[in-house]
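Below: one structure, written as structure tokens.
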Number of protein chains: 2
Amino acid sequence: MTDDTTKRKRQARGEKRMEELLDAAAEVFAAQGYAKASTNAVAAAAGASPGTLYQFFRNKEAIAEALMARYVQRLRAAHGEAFDLSVADLPLADMLDRVIDPIVAFDRANPGFYALLSDPHLSSGLANAKRPAQALMFEQLDRILAKRAPDFPPEARARTAEVAVHLFRGLLPLIMSADEAALPGLVAETKEVLSAYLAPRLSP
Amino acid sequence: MTDDTTKRKRQARGEKRMEELLDAAAEVFAAQGYAKASTNAVAAAAGASPGTLYQFFRNKEAIAEALMARYVQRLRAAHGEAFDLSVADLPLADMLDRVIDPIVAFDRANPGFYALLSDPHLSSGLANAKRPAQALMFEQLDRILAKRAPDFPPEARARTAEVAVHLFRGLLPLIMSADEAALPGLVAETKEVLSAYLAPRLSP
DNA sequence: TAAAAATACGAGCAACTACTCGCATTTACA
DNA sequence: TGTAAATGCGAGTAGTTGCTCGTATTTTTA
């Protein structure tokens, strides 16, 4: 097996190089988009040579896959267990605070994540790498909805969760480009939207 | 001036070729995305040679600009004057029917339009070409809001319109990939979302 | 009809792409 | 310390890209 992420014996130096290369990839992908970004530019941005890049990553796609995997890992760490089950019993507004705020902070702190997530023209391999990130938000919301409204038919509940996630993602471009001054108002309005959408579905 | 769209003396044959090339560009852009699409592929999809393509379009960017301009023109024709002023007095649900349905139909009928509109990594020239299309929806909604709620402060009204447009665009991926059977329910839910968001802002 | 202009072609070019390979240096480990 | 493995480099390769240009054909125009 030539799996770059598990099998090879890595030195501490190598692990650090991989992190630098992923950081560089995040920058370049965020600035130019995945398709237009060149692997030579990623290597240069990391202060490495093309040969070094390809010692750690099989090909261009593998760079984005590893980057996405790292983002998913950090997303889980950032707000993973924190609200998984406990927030479902909170009042709706408080629950939204607990769910939205960390995601907004994460997305704004990681524009490379947003660049990959919002790109609709990724290859199937990359689309698969995106799925866990999308599933993370969907499933957590779905589980919260299930606990808050046990009588909610699972099918309709799944769509409600999916629509809610897409509503949030629709406002993400505004949230990403907002300056610090405009952000709180936008986030508040985002929560109002979700509250207005979810409230009647949670207590009919 | 070497402006391809206005100055050059075009024959009927040439105009037809341009339409064919734009149709081909729409296909290729929708399938692969603008960045990954090659001009040779566009020419081939139109049954033309690269040389022929470049007789009508200065460069790759000009193809997308012309395509976007054609979409804006068709968008105006499709639902332009139809509801511009009259729908503002309708009940909210009826107004949304009149606004949403034509846009949904147009977007689904023109995946090339959606491909360009949803691409967040276009060059500045392309971003400028996108602006009229975005302004079209925003300004029409803003004008409707102004007529329905004259006391609405213009600043807050503008943001309400912008947020509403982004909410719709957030659900567009679902709408675009839905099959004919699932579409009506999705569109209905889209209208419910917008209704729930706009209603309290229109009659406080 | 003849010249001018528009349309059409496609081989080909310079620039760039993802990626490789031979070889030098550094580290781990016996 | 010695040697195998890991890391590092960057010139180089084959393929692709956006785009050009010489030339041939069709259409307009005078």
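Residue numbers start from 1 in every chain, and the chains themselves are labelled A, B, ... in the order their sequence lines are given, proteins ahead of strands.
Less than 4.0 Å separates DNA chain D from no heavy atom of any residue of residues 22-35 of chain B. Taking a 4.0 Å limit (strictly below) on heavy-atom distances, residues 38-49 of chain A reaches DNA chain C at A:Ser38, A:Thr39, A:Asn40.
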Determine, step by step, whether A:Val165 and A:Gln134 satisfy the side-chain contact (heavy atoms from CB on, under 4.5 Å) criterion, reporting the C-alpha distance in whole Å, the side-chain angles of both residues, the deciding distance to 0.1 Å, and the verdict. CA-CA 9 Å; A:Val165 169; A:Gln134 296 168 318; over 6 Å; no
Run the side-chain contact (heavy atoms from CB on, under 4.5 Å) test on B:Val187 and B:Ile100 for me, step by step, so that the C-alpha distance in whole Å, both residues' side-chain angles and the decisive distance to 0.1 Å come before the verdict. CA-CA 8 Å; B:Val187 172; B:Ile100 299 298; 4.2 Å; yes
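With sequence neighbours left out, A:Asn128 forms a side-chain contact (heavy atoms from CB on, under 4.5 Å) with A:Arg131. With sequence neighbours left out, A:Lys191 forms a side chain to side chain donor-acceptor pair (under 3.5 Å) with A:Asp97, A:Asp101. In this structure, the side-chain contact (heavy atoms from CB on, under 4.5 Å) partners of B:Leu136, at least two apart in sequence or on a different chain, are B:Leu75, B:Arg76. With sequence neighbours excluded, the residues forming a salt bridge (charged side-chain N to carboxylate O under 4.0 Å, His left out) with A:Arg159 are B:Glu189, listed by chain and number.
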List the atom pairs, donor and acceptor, that lie under 3.5 Å between side-chain atoms in residues 114-121 of chain B and the rest of the protein, sequence neighbours left out.
| residue | atom | partner | partner atom | Å |
| --- | --- | --- | --- | --- |
| B:Ser118 | OG | B:Tyr114 | O | 2.8 |
| B:Asp119 | OD1 | B:His121 | N | 2.9 |

Side-chain atoms of residues 38-51 of chain A: list all donor-acceptor pairs with protein atoms under 3.5 Å, sequence neighbours left out, distances to 0.1 Å.
| residue | atom | partner | partner atom | Å |
| --- | --- | --- | --- | --- |
| A:Ser38 | OG | A:Ala41 | N | 3.0 |
| A:Thr39 | OG1 | A:Tyr54 | OH | 3.2 |
| A:Ser49 | OG | A:Thr52 | N | 3.3 |
| A:Ser49 | OG | A:Thr52 | OG1 | 3.2 |

Distance-only check: which donor-acceptor pairs under 3.5 Å involve side-chain atoms of residues 18-32 of chain A, not counting sequence neighbours?
| residue | atom | partner | partner atom | Å |
| --- | --- | --- | --- | --- |
| A:Glu19 | OE1 | A:Arg70 | NH1 | 2.8 |
| A:Glu20 | OE1 | A:Arg17 | NH1 | 3.2 |
| A:Asp23 | OD1 | A:Arg70 | NH1 | 3.2 |
| A:Asp23 | OD1 | A:Arg70 | NH2 | 2.8 |

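Mapped onto DNA chain C by nearest heavy atom, B:Gln11 and B:Pro50 fall at different nucleotides, with B:Gln11 at the one closer to the 5' end. Comparing B:Ala12 and B:Lys60 along DNA chain D, the residue whose closest nucleotide (by nearest heavy atom) sits nearer the 5' end is B:Lys60.
Just one of A:Arg98, A:Lys147, A:Arg148 meets the salt bridge (Lys or Arg N to Asp or Glu O under 4.0 Å) condition when paired with A:Asp89; it is A:Lys147.
Side chain of B:Arg10 to backbone of B:Lys16: no donor-acceptor contact under 3.5 angstrom is found.
Pairs of residues two or more places apart, or lying in two chains, that qualify as salt bridge (Lys or Arg N to Asp or Glu O under 4.0 Å) and include a residue from residues 102-112 of chain A are A:Arg108-A:Glu180.
Along DNA chain C, the stretch of nucleotides lying under 4.0 Å from any heavy atom of chain B spans, 5' to 3', C:dA6 to C:dG10. Taking 4.0 Å as the cutoff to heavy atoms of chain A, we find the contact window on DNA chain D bounded by D:dA6 to D:dG10.
Across all strands shown, B:Gly51 has heavy atoms under 4.0 Å from base atoms, whether or not it also approaches the sugar-phosphate.
The cationic group of A:Lys36 does not satisfy the cation-pi geometry with B:Tyr34, failing either the under 6.0 Å distance to the six-membered ring centre or the 45° limit from the ring axis.
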